[in-house]
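Remarks on the structure that follows.
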Number of protein chains: 2
Amino acid sequence: MQTFDTVDELHEFVEMLLHRIDQRYTIGRRAVVELLASSERPLSISDIETRVPEIPRSSAYRHLSDLQKAGVVRRIAASDEFARFEMAEDFLHHHHHLLCSSCGQVIDVTPTRAFERTVARMVDELTAAQGFRATSHALDVIGHCANCER
Amino acid sequence: MQTFDTVDELHEFVEMLLHRIDQRYTIGRRAVVELLASSERPLSISDIETRVPEIPRSSAYRHLSDLQKAGVVRRIAASDEFARFEMAEDFLHHHHHLLCSSCGQVIDVTPTRAFERTVARMVDELTAAQGFRATSHALDVIGHCANCER
DNA sequence: GTTGTAATGAGACTCATTCTCATTCTATCA
DNA sequence: TGATAGAATGAGAATGAGTCTCATTACAAC
């Protein structure tokens, strides 16, 4: 996992990942990265539109898709109909998601080491029999967030 | 978990769940349930359309949504753009999913008891701090299926 | 500065999913 | 058994998230 002391280091690393796939690190992409990196939780397109209204929708989608290809950003399918985006795990601690099935909110939670060791072992078992090569995993807990739970 | 010795018992249970929410168990819904219950893997709408062409798309969607409300069916967001459907876990063993990010295929896998005990404990820890009430969880393993892996 | 290529913005387009509404079924009760 | 009211259905229109196109703009390299 990478850690970044300064925002500049973050941007440098992103730039490197983009360069790998022959992409430039432009103003618009930088704005998206800055927003996602400073956000506590995964953001939907409309969240992004609200907070950075000067980026048009089509560009936002394109930036996210390019950043995803570069391994900077991760797309997650929530329990409601729209996708959400967050920084890839190289930029964050490995974590899982609590999905509120009432309001669609997504909350990040960090697992213990012990748990992740168990998960990794289990994933190996599960996939080996199927000839499946795992690249990542996600544990989603579905339920109701504190707000919706009353 | 329910187990069903005969198809009739399955249908009886589904009917009960539908009645709870004042819904009838009609021919169309029965056909959808029979298809999902006999399928090895989660099905997309176009899978369903192919195998039961006499059910129109709009009705299939409505049946699935009604059956989901009744707790008979579960909708899963795969890595590609379309949703897939399978019987709810009361009708199946508790299981997790391998998602192929190349072809979108979804494979069901059954975890060991030990693993699920660990998961349950972990889920409790994670959610308690957030005031989140968990109703279920899903472990998705993302990677490439045997077919796409060459 | 020029030039070739990549990135962007605006809006058209696609297509999975949902909605509408006229028609058909079905449970219930006379 | 028939009548009737409410529920379910089918066909197609509508919605809207996400993608694509293409004319314009920015940028890197010389």
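- Neither OP1 nor OP2 of dA7(C) sits under 4.0 Å from any side-chain N or O of His63(A).
- When each of Ile55(A) and Ile27(B) is assigned the nucleotide of DNA chain C bearing its nearest heavy atom, the one mapping closer to the 5' terminus is Ile55(A).
- Residues Val119(B) and Leu92(B) are members of separate hydrophobic clusters, defined by side-chain heavy-atom contacts under 4.5 angstrom among Ile, Leu, Val, Met, Phe, Trp and Tyr.
- Of the possible donor and acceptor atoms, none in the side chain of Ser39(B) sits under 3.5 Å from a partner among the backbone N and O of Leu35(B).
- Residue Ile27(A) places its CD1 atom among 12 or fewer non-hydrogen atoms of other residues, nucleotides or ligands, all under 6.0 Å distant.
- Nucleotide dT15(D) holds its P atom 17 Å from the CZ atom of Phe82(A), rounded to whole Å.
- Across the protein-nucleic acid pair, Leu64(B) atom CG and dA8(D) atom C1' stand 15 Å apart, rounded to whole Å.
- Regarding Glu15(B), its CD atom lies at a distance of 12 Å from the P atom of dA8(D), rounded to whole Å.
- Arg57(A) has its CZ atom 17 Å from the P atom of dC20(D), to the nearest Å.
- Rounded to 10°, the helix from dG1(C)-dC30(D) to dA30(C)-dT1(D) has 30° between the axis fitted to its first five pairs and the one fitted to its last five.
- As rounded to whole Å, 15 Å separates atom P of dA7(C) from atom CZ of Arg30(A).
- Criterion: ILVMFWY side-chain heavy atoms under 4.5 Å apart, direct or through other members. Under it, Ile55(A) and Met87(A) are part of a common hydrophobic cluster.
- A continuous path of ILVMFWY side-chain contacts below 4.5 Å connects Phe115(A) to Val141(B), so both sit in one hydrophobic cluster.
- Looking at Ile76(A), Leu43(A), Leu36(A) one by one, the single match for side chain to side chain contact (heavy atoms under 4.5 Å, CB included) with Glu86(A) turns out to be Ile76(A).
- Residue Arg29(B) forms a side chain to side chain donor-acceptor pair (under 3.5 Å) with just one option from His63(B), Gln23(B), Glu34(B), His11(B), and that option is Gln23(B).
- For Gln23(B) and dA7(D), the shortest distance from a side-chain N or O to OP1 or OP2 is not below 4.0 Å.
- The side chain of Arg75(A) contributes an N or O atom lying less than 4.0 Å from OP1 or OP2 of dG18(D).
- Distance from the side chain of Thr26(B) is smallest for dA8(D) among the nucleotides dG18(D), dT8(C), dA8(D).
- Within 4.0 Å (heavy atoms only), Arg29(B) reaches sugar-phosphate atoms of the nucleic acid but no base atom.
- Minimum atom distance to the side chain of Arg24(A) is reached by dT5(C), of the listed dA17(D), dG6(D), dT5(C).
- Between Arg62(B) and dC19(C) there is no side-chain N or O to OP1 or OP2 distance below 4.0 Å.
- Relative to the side chain of Ile45(B), the nucleotides dA7(C), dG18(D), dT17(C) differ in distance, and dT17(C) lies closest.
- Rounded to whole Å, the distance from CG on Leu67(B) to C1' on dT9(D) is 14 Å.
- Atom CD in Glu49(A) sits roughly 12 Å away from atom P in dA10(C) (whole-Å rounding).
- Judged by closest nucleotide on DNA chain D, Asp22(B) is the one of Asp22(B) and Ser58(B) placed further toward the 5' end.
- Between Asp90(A) and Val72(A) there is no side-chain heavy-atom pair separated by less than 4.5 Å.
- Put simply, CG on Asp47(A) is 16 Å from C1' on dG18(D), counting in whole angstrom units.
- Base contact: Tyr61(A) has a heavy atom under 4.0 Å from a base atom.
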